[in-house]
Protein chains: 2
Amino acid sequence: MCKASNVKSVSLDTLFELSEFFKFFGDTTRIRVIHLLLSGEMSVSAIAEKLNLEQSVVSHQLRILRTANLVKPTRDGRKIYYALDDEHIGEIFNTGLAHILHKKKG
Amino acid sequence: MCKASNVKSVSLDTLFELSEFFKFFGDTTRIRVIHLLLSGEMSVSAIAEKLNLEQSVVSHQLRILRTANLVKPTRDGRKIYYALDDEHIGEIFNTGLAHILHKKKG
DNA sequence: TAAATATATGAACAACAATTCATATATACA
DNA sequence: TGTATATATGAATTGTTGTTCATATATTTA
């Protein structure tokens, strides 16, 4: 028998995946990259320059995001342009941002 | 001159806070606690029992969430009941969950 | 094909975070 | 007041993660 509740029960497995998913947003470098890509695709070198980061730092973090299918690379010549690959990313980013901004106002 | 964009620019400082905020959701233990508290307040021992975790593990993680004002303790006798302290938490949890569930379906 | 440019990646290192264990604090009750 | 119960916390340990540095791969162009 289940207790009545308005909150859906979530499997242990899904909760684990959920925490893994939030981890992608839980790093300054990655969140800056995500924020940048919200405005559109950008090459690795452009990202590095814009964020004032070493190229290898950006590449390493892009690999993490790419492996998780959060960003998608497209090669053009010797440049590789990265774009957000999931329509939910902006929504999650903005939900968190709304919280932070709301908190700042007191 | 600014380039036209539909995406709000966010300060470095705010992006850092945002990533720090998402970190709270980026741990299995904490996300399980948060999920549990979505149904209502619960004592430390009840949380530990329900999640099959050591009491000190739960207390340590609750301290992290408490310090960030994500949960709020209320003492009743020798028990301390924890409840979610921020109305946005459920929203963020559900936004992430929707993404995970959507992904699972393919 | 050689040089230059753009990106990726492996290994080492450093920083950080979660758990464990022991113990401290606080409350209730006999 | 002494004991039991509930929770918190510090220290040590372990596991994880991000960065750095060196180098590899891929593409373009001279």
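These figures come from a predicted structure and were not determined experimentally. In the text below, chain A, chain B and the rest are named by the order of the sequence lines, each starting its count at 1.
- Taking atom CZ on Arg63(A) and atom P on dT17(D), their separation rounds to 12 Å, with Å as the unit.
- Gln61(B) places its CD atom 13 Å from the P atom of dA8(D), with the value rounded to the nearest Å.
- Between Tyr82(B) and dA6(D) there is no side-chain N or O to OP1 or OP2 distance below 4.0 Å.
- The residue Ser59(A) sits close to a base: some heavy atom pair falls under 4.0 Å.
- Nearest-nucleotide mapping onto DNA chain C: of His60(A) and Tyr81(A), the residue sitting toward the 5' end is Tyr81(A).
- Residues Arg75(B) and Arg78(B) share a closest heavy-atom pair of NH1-CA, 3.7 Å.
- Following rounding to the nearest Å, Leu65(B) (CG) and dA17(C) (C1') show an atom-to-atom distance of 14 Å.
- Across the protein-nucleic acid pair, Lys23(B) atom NZ and dT17(D) atom P stand 12 Å apart, rounded to whole Å.
- Between Arg66(A) and the phosphate of dT7(C), there is no side-chain N or O to OP1/OP2 separation shorter than 4.0 Å.
- Taking CZ from Phe22(A) and CD1 from Ile34(B), the interatomic distance works out to 8.5 Å, rounded to the nearest 0.5 Å.
- Atoms CD1 (Ile80(B)) and C1' (dA8(D)) sit 8 Å apart, rounded to a whole Å.
- By the side chain to side chain contact (heavy atoms under 4.5 Å, CB included) test, Ile100(B) is found to be paired with Thr14(A), Glu17(A), Leu18(A), Phe21(A), Lys103(B), Lys104(B), residues two or more places apart in sequence or in another chain being considered.
- Once rounded to the nearest 0.5 Å, the distance linking CD of Gln61(B) with CG of Asp27(B) reads 5.0 Å.
- Atom pair Ile64(B):CD1 and dA17(C):P shows a separation of 8 Å (rounding to whole Å applied).
- Look at Thr29(A) and you'll find a side-chain N or O under 4.0 angstrom from OP1 or OP2 of dT19(D).
- Nearest-nucleotide positions on DNA chain D place Ser56(B) closer to the 5' end than the other of Ser56(B) and Arg78(A).
- Inspection of the Gln55(A) and Ser59(A) side chains reveals an N or O donor paired with an N or O acceptor under 3.5 Å.
- Each of Asp76(B) and Gln55(A) was matched to the nucleotide of DNA chain C holding its nearest heavy atom; the match closer to the 5' end belongs to Gln55(A).
- Computed from coordinates, the Lys79(A) NZ to dT29(D) P distance equals 12 Å when rounded to whole Å.
- When the C1' atom of dT25(D) is taken as reference, atom CZ of Arg75(A) falls 9 Å away, rounded to whole Å.
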